[in-house]
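Structure, as structure tokens:
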Amino acid sequence: MTRAAITGLGTATGHRVVTNHDLAAVLDTSDEWIVERTGIHERRVGGSCLELGGQAAKIALKQAEIDATDLDLIICSTCTPDQVFPAVSNRIQNELGASCGAFDLNAACSGFTYGVTIAQAQIAAGMERVLVIGVDTLSRFTDWDDRTTAILFGDGAGAVVLGPSRRPDRGILSTYMGSEGRFADLLTCDFGDYIKMDGKEVFRQAVRVMVAASQRVLADAGLEAAEVAAVIPHQANMRIIESAMKRLGIPLEKAATVLETTGNTSSASIPLAMDAAVSKGAVSDGDAVLLVGFGAGMSVAAALLRWGQ
Ligand code: ACO
């Protein structure tokens, strides 16, 4: 089967920095509490999905050295679209000057990895250039007077171009998409309302599903946890990442993180963390890299890939 490999990566974040100190000035909270419970120091807010997603997509296309007109498909993961319809992906397609099919998917914070999984299937079926964007503007759905949620979220986007890997031993090795609808009420956002969540229970279930999904893609690819060079997890809470890494038996140093400065950016968090990992040289050609996301739904997705083309 043809494997999909990442050929370009781009990111964007909201332009306004909101620090924990900014929040502590208006809410009954403190920098110490937020850092200790979440690992987050600041988050970036502002911008629409079109602006942020378009910006990230342009960088990814440039890095992949392709024109938008060469794209076969655009998949945009978002749970905070600018409009009910049309899809964000249609607007981004127009912004880029692409002429291919485009659709949005909503699998909350697992959406980017869901998108990568669909891209892999399309490339195995013959497509050559698929753009997967993860973008969310959770600040628009955050009650900034609620200290239990306002500390967590930020706005951002990440995009990757995927194409058939040139070497058969590079690219996506295995993928998994899961959903546990019985936990749907743990994390919700109704029309015209703000994000509501049972933080403690989300935390508990998140660790469980992340570990199970990761073990599944490892088993499907015939790899041991010890062979993983880097884990790129959804950036919700540092303590969730710590617990999951411990249960997987993978040293925490192998986890890419960016939540310290971005907060939880939902669909954008995995490509943002991937960009940070690439920038600091934490992933190199031939490395086994594990992407794992979880989110409202409760959705979960994982993809194991061998870095490089
Ligand atoms: N500052 C100070 N105190 C606070 C704050 C705050 N910002 N928020 C809550 N508290 C208080 C609570 O009121 C409670 O006080 P009490 O003991 O007097 O009742 C105390 O701190 C402890 O609260 P808990 O909710 O038990 O704190 P916990 O350690 O569980 O941390 C948190 C809360 C950070 C929300 C954690 O549960 C968490 O991160 N859960 C996962 C949430 C998440 O990741 N959601 C999104 C995932 S999916 C997606 O990305 C869309």
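All values reported here derive from a predicted model rather than from experimental measurement. Atoms within each ligand, like the ligands themselves, are counted from 1 in listed order.
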**Asked** Ion pair present between Arg170 and Asp285, side-chain N to carboxylate O less than 4.0 angstrom?
**Response** yes

**Item:** Check ion pair Lys254-Asp287 (N to O, under 4.0 angstrom)
**Value:** no

**Request:** Would you check whether Arg37 has a nitrogen or oxygen atom less than 3.5 angstrom from a nitrogen or oxygen atom of ligand 1?
**Result:** yes

**Item:** Top protein contact for atom 48 (S) of ligand 1, by heavy-atom distance
**Value:** Leu187 CD2, 3.2 Å

**Request:** Check the side chains of Ser174 and Asp220 for a donor-acceptor pair under 3.5 angstrom, ignoring hydrogens and angles.
**Result:** no

**Asked** Taking a hydrophobic cluster as the set of Ile, Leu, Val, Met, Phe, Trp and Tyr residues connected by side-chain heavy atoms closer than 4.5 Å, whether directly or through intermediates, do Val116 and Trp307 fall within one such cluster?
**Response** yes

**Item:** Nearest protein heavy atom with distance in Å, relative to atom 12 (C) of ligand 1
**Value:** Arg147 NH2, 3.9 Å

**Request:** Just go through Ser267, Cys189, Ala236, Ala108 and tell me whose heavy atom is the nearest to atom 44 (O) of ligand 1.
**Result:** Ala236

**Message:** What protein heavy atom lies closest to atom 46 (C) of ligand 1? Include the residue and the distance to one decimal.
**Reply:** Asn264 ND2, 3.7 Å

**Asked** Do ligand 1 and Ile34 have nitrogen or oxygen atoms that lie under 3.5 Å from each other?
**Response** no

**Message:** Yes or no, since that's all I need: does a protein heavy atom fall within a distance strictly under 4.0 Å of atom 19 (O) of ligand 1?
**Reply:** no

**Message:** Give me the atom names and distance for the closest heavy-atom approach of Ala221 to Leu304.
**Reply:** CB-CD2, 3.6 Å

**Request:** Examine the side chains of Asp136 and Ser267 and answer whether a donor and an acceptor come within less than 3.5 Å of each other.
**Result:** yes

**Item:** Distance from atom 51 (C) of ligand 1 to nearest protein heavy atom, with residue and atom
**Value:** Cys109 SG, 2.9 Å

**Prompt:** Salt-bridged, Glu42 to Arg16, with N to O below 4.0 Å?
**Reply:** no

**Prompt:** To which protein heavy atom is atom 41 (C) of ligand 1 closest, and what is the distance rounded to 0.1 Å?
**Reply:** Gly199 O, 3.4 Å

**Request:** Evaluate the 4.0 Å heavy atom contact test for atom 16 (P) of ligand 1: does a protein atom fall under the cut-off?
**Result:** no

**Fill in**
Ile151 heavy atoms within 4.0 Å reach ligand 1 at atoms 7 (N)

**Asked** Does Thr148, backbone or side chain, put an N or O under 3.5 Å from an N or O of ligand 1?
**Response** no

**Request:** Group every Ile, Leu, Val, Met, Phe, Trp and Tyr by side-chain heavy-atom contacts under 4.5 Å, then state whether Leu291 and Val300 land in the same group.
**Result:** no

**Numbering as shown, the atoms of ligand 1 that approach Gly295 to under 4.0 Å (heavy-atom distance)** = 48 (S)

**Asked** Can you tell me which residue and heavy atom of the protein come closest to atom 38 (C) of ligand 1, and the distance to 0.1 Å?
**Response** Asn237 ND2, 3.5 Å

**Request:** I would like to know whether Arg239 and Glu242 meet salt bridge (charged side-chain N to carboxylate O under 4.0 Å, His left out); could you show each step before the answer?
**Result:** CA-CA 5 Å; Arg239 289 189 301 140; Glu242 284 166 4; over 6 Å; no

**Prompt:** Atom CG in Asp146, atom CE in Met197: separation rounded to 0.5 Å?
**Reply:** 8.0 Å

**Joint hydrophobic cluster, Val161 plus Met127, side-chain heavy atoms closer than 4.5 Å** = no

**Item:** Side chain, backbone, both or neither: Thr29 near ligand 1, heavy atoms under 4.0 Å
**Value:** both

**Request:** Would you indicate which of Thr149, Val202, Thr80, Ile40 comes nearest to atom 47 (C) of ligand 1 when only heavy atoms are counted?
**Result:** Val202

**Asked** Do any nitrogen or oxygen atoms of Thr38 lie less than 3.5 angstrom from nitrogen or oxygen atoms of ligand 1?
**Response** no

**Item:** Identity of the nearest option to atom 24 (P) of ligand 1, non-hydrogen atoms only, from His234, Arg239, Lys200, Met197
**Value:** Lys200

**Message:** Are Leu162 and Leu105 connected into the same hydrophobic cluster when the rule is that any two of I, L, V, M, F, W, Y join if their side-chain heavy atoms are below 4.5 Å apart?
**Reply:** yes

**Asked** Given Phe203, Trp33, Phe294, Phe153, which has its nearest heavy atom closest to atom 4 (C) of ligand 1?
**Response** Trp33

**Asked** Counting only heavy atoms on the protein side, is anything nearer than 4.0 Å to atom 31 (O) of ligand 1?
**Response** yes

